[in-house]
Amino acid sequence: MSLSPAEVAKVGLLARLALSPAELEGMARELSSIVGFVSQLGDLDVASVEPLAHPLETRNVLRADTVHDCLSTAEALQSAPRHDGECFLVPAVLGESGSA
Amino acid sequence: MQPCELSSTDIVAAVRRGEVSAERVATAFLDRIARVDGSINAFLAVDREGALATAAAIDRRRRAGEPLGPLAGLPVAVKDVLCTRDLPTTCASKMLAGFRPPYDAEVVARLRRADAVILGKTNMDEFAMGGSNENSAFGAVHNPWDLDRAPGGSSGGSAAAIAADMAPAALGSDTGGSIRQPAGLCGITGLKPTYGRVSRRGLIAFASSLDQVGPMCRSAADCALVMETIAGHDPGDSTALSAPVPAYSQLLEQPLTGLRIGRVADHFGAGLEPEVARGVEEAFAVFKAAGATIHDVELPHARYGVPTYYLVAPCEAASNLARYDGAHYGHRSTVTAGGFDSPLVEMYCRSRAEGFGSEVKRRIMLGTYALSAGYYDAYYARALRVRRLIRQDYLDAFEKVDVIGGPVSATAAFRLGEKTGDPLAMYLVDLYTVATNLAGMAGISFPCGFTRGGLPIGFQLQGPALSEALLLRVADRFQHLTDWHQRRTAALPA
Amino acid sequence: MPTAAAPYTTVIGLEVHVQLLTHTKLFCGCPTDFGAPPNTQVCPVCLGLPGSLPVLNRRAFELALRAGLALECRIAPFTKWDRKNYFYPDLPKGYQISQFDLPFATDGSLEVVDPRGAFPPRRVGIIRVHLEEDAGKSMHDEAAGTGDSRIDLNRAGTPLVEIVSQPDLRSPQEARAWLTELRLLLVYLGVSDCNMQEGSLRVDANVNLHVPRGDGIAKTPIVEIKNMNSFRSVERALAYEAARQWEEWQETGIEIGKAPKQTRGWDDAAGVTRAQRHKEESSDYRYFPDPDLVPVTVSDADVAAARGAMGEPPTALRRALEARWGISAYDADVIVNQGRDVVAYYETVAGMVGAGKPASNWLQQDVLRTLNDRGGTIAEFPVGPEALADLVGRVARGEFDTARGREIFAGLLTLGRPATPADVGTAVAALGITAVSDDDLVELVRDLLAANPKIVADVKGGKEQAAAGLIGQARKKNPNVNPAKVRETAIALIRGS
């Protein structure tokens, strides 16, 4: 199961990780190797087996609709790389929202 | 009395009785850290001032006759994957260098309420991803038994701290073996509780359906003491169990007669180092002599544990680590050379590339790939189905036996640098431990011998969900019949 | 419907997000009040700080369930939470907790009926209703010229219900009316206050054209329209877009599937839609079940409890009013559209008067009109239902006519405090209105008949409506006469003679 550097570049963008051309080559090799390794799960016949997303059988964990103490704005921004005392600052977000 | 040689149980008793002050105890461990951690690198942050202040306050309250918490005066080292309000919390990553969360993790809050004394934050594999503590952005941890060797990971710092007598108790986290395997390689005792037994609130997430916080100490009795404080329901964690917490430390004194221990033949394949195999078999013999019976059991899908884990965990991790994007906290790149769709995308891509180490990047890429369009069914969904098969193996086995015994690691501590060249080689160090997390079971590891070279050999017991009390008492019984857990390394100054 | 002028069918589907009327966010206890200073309603959970964990808000689930039931959906007995993964500064975790393949409600419908028959009744299918958390807000200040966007996470984590309709709407007008009905329904049920200005209701539309042609129907590519800030904008945007697609179709003939799905933003000032930048990997959200949350099961008992707590929805209430009070569908519609409080007010009045139609007339023409002019709610209205009922009852019994009644009504409004039936009595007396006795009325009418021989002749000749010509004169003689009684008495006297 081989991943090309181009495929890896696409994954890199999805994952928002900058990879140099050298890193892309290396990552493609490593991922191909790992994906090859995990692909042995294909040996098993799991057609009639339900996925187990969670080891817990718990259901219906809900809380009351009561207000709690919030962080102060200063606390909320205390680790922000850039802020203006009220809001987080990031490079301009262009027009449309991220979700389709 | 040398506080650094006392068990957690003894320290707590001594402080309560007024035989030693909390301040003296804290000072002893802090001094030990100052003396030896230079060659171990177990601690990323030591809070001398805070620890001494907490200890002094405990001593004042004790003298005033005020009630004290159940861990009063006990110094504890906390893996840097747990949020502490007053100390940086970095997950051993450049991404969170200097980060101070505005809150404590639930287990940290519980330790404080119990009057424990937090010594500092321990080193780990970055974001809990690794099996040797060589993936830290702040340098590898050295195994106190042999400074050229790895302590295991990802809770390598906590394991080394205990093994080097720098702390009598520590918290670690275990996602695929990260408490049990370093405990095994460092000759200490580490418990991975059942998923949901201990709150994950404030535990920086690696793989949310696998992560658990657990105690790491010199003995099972000490682990039991710490578990009483950290275990229990938390309404702030939707995955926390509400089952009542047994008084673990009161349930230790029970004989082993009638105990059925499973032994998995597949565990003893070609990959298991002969010395380790021998140590493990000797442990079985101890149990047998003490009245337990040993039964052959099978875990037919065990060999699929590692590939299953290396799909489930990276997929969850890729999503959990998306929040580290330089926007609201953590490292933000200052490079604006362009070459991306927009300055915003550039900020994300560069910040994450600069902030994360190579193993973390690998797992994020793997998880992103496996969840991406067209691959979900073939990889993640398939892994979840195999996960159910792995769990069923355990449920079937636990109909026949009470616990399953065996190795915790195929080898004793390996040399630093030995496995860092090949990711897959490193992944295989989790061979004996990943299935416990995948299946929702509990596990404990403790020393059962030493190699000719003087390296600890670890033994693992796995039990059904919520079997912590059983695992602790069986391990404790073993530690009454043997003294492996009391050996100390000769590689460090006294 | 295709017409000669517009030979195509406009096909519209709507996606509506409403913010639930809870005190706190979906997964944490932060308040969701509108208009708070930036980043003052946040905590580690909604900030996505490391180690934070979500816990589901019970009230949010209850209100969502209510919405699903009101929309006649099938409620899933087992529902779960999924992560929708993408990077954006208003999404601090790098994923949104939503529902992907097992939403809590599916396969419902909501009908919209125009009582004036502007379009035939349209039952619009609901594909799904699901719960999800809102993102924060990003604000870009062009004027500041810094190239930065400012991020306020107060809104992040607010509970939203997403309602996706089938593409069953056939005109911009229908779409607007349907949205109005949906809004009314959700406000009635206390699910949301559906205030588009405050962002507690948002609409996106999907629209394309079906063009009949020789070999069947050709379909244009579907376009998603965003950034419509009022129901009126929705109607205008859809009308513009349909016309634009028709132009484009005639020029290019591109059919659905032959071009990627487009997103266009509505520019209300310019009155046009504009293409938005196409995002490459916009659809790979890598959904998977959120491992920090557990699924929710909904039992029949839960559904019954939710139904019980719901109250009557508008459609049922309209029919009830028509049946109970004998008013028209149009009138029932107007009253119900004003909300539960107005319905309660109306029913009090109608009950005391004992007649639905007069009560409805007075409510619409006097009460609602005044409310509209002055603002405020029915609860604050200075004429309470008992006082109005007293007034309306007197008019109905013929004590005085409607015009007089209006004078009294106007007087009640100036009292400076809530009016009571006693006030009505006082006002009547103050205006010197006394009921005209039957004898006085007969005498008065006899006088008029004597003075109006032509009218008498007309009536005798079969034109009864001529008697109405006496009314004005009668009122000049005695302002308190009841016009209808004048007419009746005149006709009776003429016939009798």
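Order of the sequence lines fixes the chain letters, A, B, ..., with proteins taken first and strands second; residue numbering starts at 1 for each chain. Computation of the quantities below employed the complete heavy-atom set of this structure, encompassing side-chain atoms and omitting hydrogens, waters and symmetry-equivalent molecules.
- For a residue to count as touching a neighbouring chain, one of its non-hydrogen atoms must lie under 4.5 Å from one of that chain's; by this rule B:Ala383 touches chain A with backbone and side chain alike.
- For a residue to count as touching a neighbouring chain, one of its non-hydrogen atoms must lie under 4.5 Å from one of that chain's; by this rule A:Glu50 touches chain B with backbone and side chain alike.
- Looking at B:Tyr309, there are no atoms closer than 4.5 Å to chain A (heavy atoms on both sides), in backbone or side chain.
- Put simply, of A:Val61, A:Leu41, A:Val46, the one with the most heavy-atom pairs under 4.5 Å next to chain B is A:Leu41.
- In this view, A:Asn60 and C:Thr297 satisfy the side chain to side chain donor-acceptor pair (under 3.5 Å) rule, not counting sequence neighbours.
- Scanning residues 73-82 of chain A against chain B with a 4.5 Å non-hydrogen threshold yields A:Glu75, A:Gln78, A:Ser79, A:Ala80, A:Pro81, A:Arg82, sorted by number.
- With salt bridges taken as basic N to acidic carboxylate O contacts below 4.0 Å, none links A:Lys10 and A:Glu7.
- Ion pairing between a basic and an acidic side chain is recognised when a charged N comes within 4.0 Å of a carboxylate O; B:Glu354 and B:Arg350 show no such pairing.
- Only the side chain of A:Leu71 has a heavy atom closer than 4.5 Å to any heavy atom of chain B.
- The backbone N or O of B:Tyr103 sits nowhere less than 3.5 Å from a side-chain atom of B:Arg85 that would complete a donor-acceptor pair.
- Interface remark: B:Leu366 contributes backbone and side-chain atoms alike to the contact with chain A (heavy atom separation under 4.5 Å).
- Applying the side chain to side chain donor-acceptor pair (under 3.5 Å) criterion to B:Gln462, with sequence neighbours excluded, gives B:Tyr394, B:Thr436.
- At a 4.5 Å heavy-atom cutoff, B:Val312 makes no contact with chain A through either its backbone or its side chain.
- Contact annotation for B:Ser358: neither backbone nor side-chain heavy atoms come within less than 4.5 Å of a heavy atom of chain A.
- Partners of B:Asp325 by salt bridge (Lys or Arg N to Asp or Glu O under 4.0 Å), not counting sequence neighbours: none found.
- Put simply, the side chain of A:Leu19 reaches to within 4.5 Å of the side chain of B:Met365, judged on heavy atoms.
- Side chain of A:Ser32 to main chain of A:Leu3: a donor-acceptor pair is present (N/O by atom type, distance under 3.5 Å, no hydrogens or angles).
- Interface residue A:Phe37: backbone and side-chain heavy atoms are both found under 4.5 Å from chain B.
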